[in-house]
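The structure appears below as structure tokens.
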Amino acid sequence: MSTHSIDGSEKKDEIINMQNEVTINTEEKKKTELITNPEVITDAKEKKLIKKIDLRIIPLIIVLNILSFLDRVNIGNAKLAHLEHDLNLVGNEYNWALSIFFLGYILFEVPTNIIAIKIKPSVWISTRMISWGSIVIAMAFVKNYSQLMATRFLLGTFQTGLYSGVIFYLTKWYKRSERSYRISFFNAGVIMSGAFNGLIAFSISSLNGKFGFNSWQWLFLVEGAITVIIAFCCYFLISDYPEITIWLTDYEQKLAVDRLRNDTGHAYATHFDKHQITLAFKDLKVYVFMFINFCVLATLYSFSFFIPSIVNGMGFDGVISQLLSTPPFIIGCISSIIISKLSDNHRIRSPYLIFSLLISIIGYSFLIVHGTSIALKYTGICVIGLGMFVSCPLVIAWAADNIAGETKRAVGFAIVVGGSNLGGVLSAQIYKDSDAPAYIFGHTVTLSLLIIGIVLSIFQYCYLKRMNKYKLEDPKRFLKGSNADDAAHLGDLHPSFTYIL
């Protein structure tokens, strides 16, 4: 991309001129003039605006994701607090309780994202949080396997659309070159929740037996109550969109919208477009992103669910295992923010993604090799955290960068997130009690998934690079048969849109 920047700029001018030829109404011409002759936006103005947006948006979405993931994976800590014994779970029943969550999550992902386009984020997010927080509280009162399965399914159903919805929400505030860094902070919520889960579980263990509740029940009660309380606050704290936000001046509102329009060219759209739903389902790169994220999530979830058990299998007792589960998440949080920032600065995703997956492979290799010392195995767990947790924001940002058009991005991203969460179903079946304490089979499966993720990332890089080449060499191919209305439907297929590699 960068080696042909001059030629690329000239080609883009030609492409935009061609768009003028297919534009047949005055309104479309005005849009084209705005893109080809945008108001000058200085770095100083933009930096001041971004800082203001960051302070309002980023801390809140971090808290949202901490609570979301905390309530999703706290069952792993509940297991160490004797949930299996108290509910008389046998065989693979615990593993299926993990998997059923993702069934509810996947089934409703696309429909909820379509609905979310038409509902204010402040309303959508706060109601979802109240719903799933109430389910977590209800989990403290389950008495058997059937009740546990029902509550886990409902938990997945009510958490549907939050992750993809927040990423879509961020695309309404930030340019493509700014998203990976912000998504890394959002994803830091996932990482920090893993750290907090171990610390909270350790703290709550002292409440075991109080008022007739076991420690795993206290875990669900406390964490569910926190979610519900914060949900009420979110309704008043979440800012909906730049153009209607009261804490931005009129000039800042216009600047926030114009810079996004200039970033994506003719692919910029703010209206619901049924045609783009079809485009999203027919787009090859959407499914490649989905399978890459599947490999990442299957590994990330299995790591998050079972790290207390993996550490416990090294010979540490239950309480110490909870504490030792924390450092890999902290390391992952730091690496995620640093590498995502570098990715944004260089406007490229795939090399950093492939590098992070390779780091995780090295970590799993430490766990698989026979005769490795406990110290080296624990080092391997930390290395996995170093690479694994940065992989998720990178692949998510890469997908968000390259799916354009309001409706197509919402639906396409729902496909990516919903489909890839099948990895969560798989993750719950990877580590079996019969494989303890070494868990060689589980480590081998996750390592294999990481290798597949690297292969798919290389394929996606080559595919997007070829598409950029075609757009520069033969832009008429993408505009063929288009009039003004048709061209407005193209989204990222418009020749003025350049895919980020």
Side-chain angles (χ1 to χ4, degrees), residues 69-70 72-85 89 94-95 97-98 190-206 208 215-216 219 223 297-336 359-391 424 427-447 449-450:
F69 207 73
L70 203 65
R72 186 180 310 183
V73 303
N74 56 12
I75 191 171
N77 300 91
K79 179 187 178 184
L80 277 186
H82 310 299
L83 175 141
E84 281 184 297
H85 176 269
L89 302 183
Y94 171 78
N95 297 79
L98 298 182
V190 173
I191 305 167
M192 285 188 282
S193 70
F196 290 149
N197 234 2
L199 294 174
I200 292 173
F202 174 73
S203 302
I204 289 178
S205 62
S206 61
N208 188 40
S215 56
W216 64 267
L219 185 65
E223 294 185 357
L297 288 186
T299 308
L300 187 148
Y301 277 125
S302 63
F303 184 77
S304 301
F305 281 137
F306 293 100
I307 184 173
S309 298
I310 294 170
V311 175
N312 185 242
M314 294 179 184
F316 300 100
D317 65 33
V319 175
I320 298 300
S321 296
Q322 302 277 25
L323 284 176
L324 290 178
S325 299
T326 300
F329 289 93
I330 296 174
I331 293 169
C333 182
I334 296 170
S335 70
S336 177
I359 292 294
S360 297
I361 288 173
I362 293 172
Y364 276 107
S365 299
F366 288 169
L367 298 178
I368 291 173
V369 174
H370 180 71
T372 306
S373 66
I374 292 176
L376 193 56
K377 283 185 176 181
Y378 186 73
T379 300
I381 289 176
C382 293
V383 171
I384 292 168
L386 182 68
M388 178 48 51
F389 290 110
V390 71
S391 304
S427 71
Q429 306 301 323
I430 291 175
Y431 288 92
K432 307 283 190 180
D433 287 341
S434 58
D435 197 29
Y439 295 106
I440 298 299
F441 175 79
H443 298 328
T444 303
V445 171
T446 49
L447 187 147
L449 287 168
L450 293 172

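Index from 1, following the sequence. Note that the structure is predicted; figures quoted are calculated from it, not measured.
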Please find the pair of heavy atoms, one from Ala81 and one from Trp216, that lie closest to each other, and give the distance.
O-CD1, 3.4 Å
If you apply the rule side-chain contact (heavy atoms from CB on, under 4.5 Å), what do you find for Ile430 with Tyr439, and how did you get there?
CA-CA 9 Å; Ile430 291 175; Tyr439 295 106; over 6 Å; no
Contacts satisfying side chain to side chain donor-acceptor pair (under 3.5 Å) that involve residues 299-310 (not counting sequence neighbours) are Arg72-Tyr301, Tyr301-Asn421
For Asn95, all residues meeting side-chain contact (heavy atoms from CB on, under 4.5 Å), sequence neighbours excluded
Asn92, Phe306, Gln429
Throw together a table of side-chain donor-acceptor distances under 3.5 angstrom for residues 378-391, partners on residues two or more places apart or in other chains.
| residue | atom | partner | partner atom | Å |
| --- | --- | --- | --- | --- |
| Tyr378 | OH | Leu324 | O | 2.7 |
| Thr379 | OG1 | Ala375 | O | 2.8 |
| Ser391 | OG | Ser356 | OG | 2.9 |
| Ser391 | OG | Gly387 | O | 3.0 |

Rounded distance (nearest 0.5 Å) linking atom CG of Leu219 with atom CG of Leu70:
7.5 Å
Straight-line distance of Lys377 NZ to Ile310 CD1, nearest 0.5 Å:
11.0 Å
In sequence, state the C-alpha distance, the side-chain angles, and the governing distance for Tyr364 and Thr446, and then conclude on side-chain contact (heavy atoms from CB on, under 4.5 Å).
CA-CA 8 Å; Tyr364 276 107; Thr446 49; 3.2 Å; yes
On a heavy-atom basis, the closest approach of Asp435 and Gly442 is OD2-N, 3.4 Å
Here the pair of heavy atoms bringing Ser325 nearest to Ile307 is O-CD1, 3.9 Å
Identify, with sequence neighbours excluded, every residue that meets ring-ring contact (aromatic ring centres under 6.0 Å, His included) alongside Phe316.
none
Kindly list each side-chain donor-acceptor pair under 3.5 angstrom involving residues 365-374, sequence neighbours excluded, with atom names and distances?
| residue | atom | partner | partner atom | Å |
| --- | --- | --- | --- | --- |
| Ser365 | OG | Ile361 | O | 2.8 |
| Thr372 | OG1 | Phe366 | O | 3.3 |
| Thr372 | OG1 | Val369 | O | 2.8 |
| Ser373 | OG | Leu376 | N | 3.2 |

In chain order, what residues pass the salt bridge (charged side-chain N to carboxylate O under 4.0 Å, His left out) check against Lys79, with sequence neighbours excluded?
Asp433
Taking every heavy atom of Ser321 against every heavy atom of Pro308, the minimum-distance pair comes out as CB-O, 3.7 Å
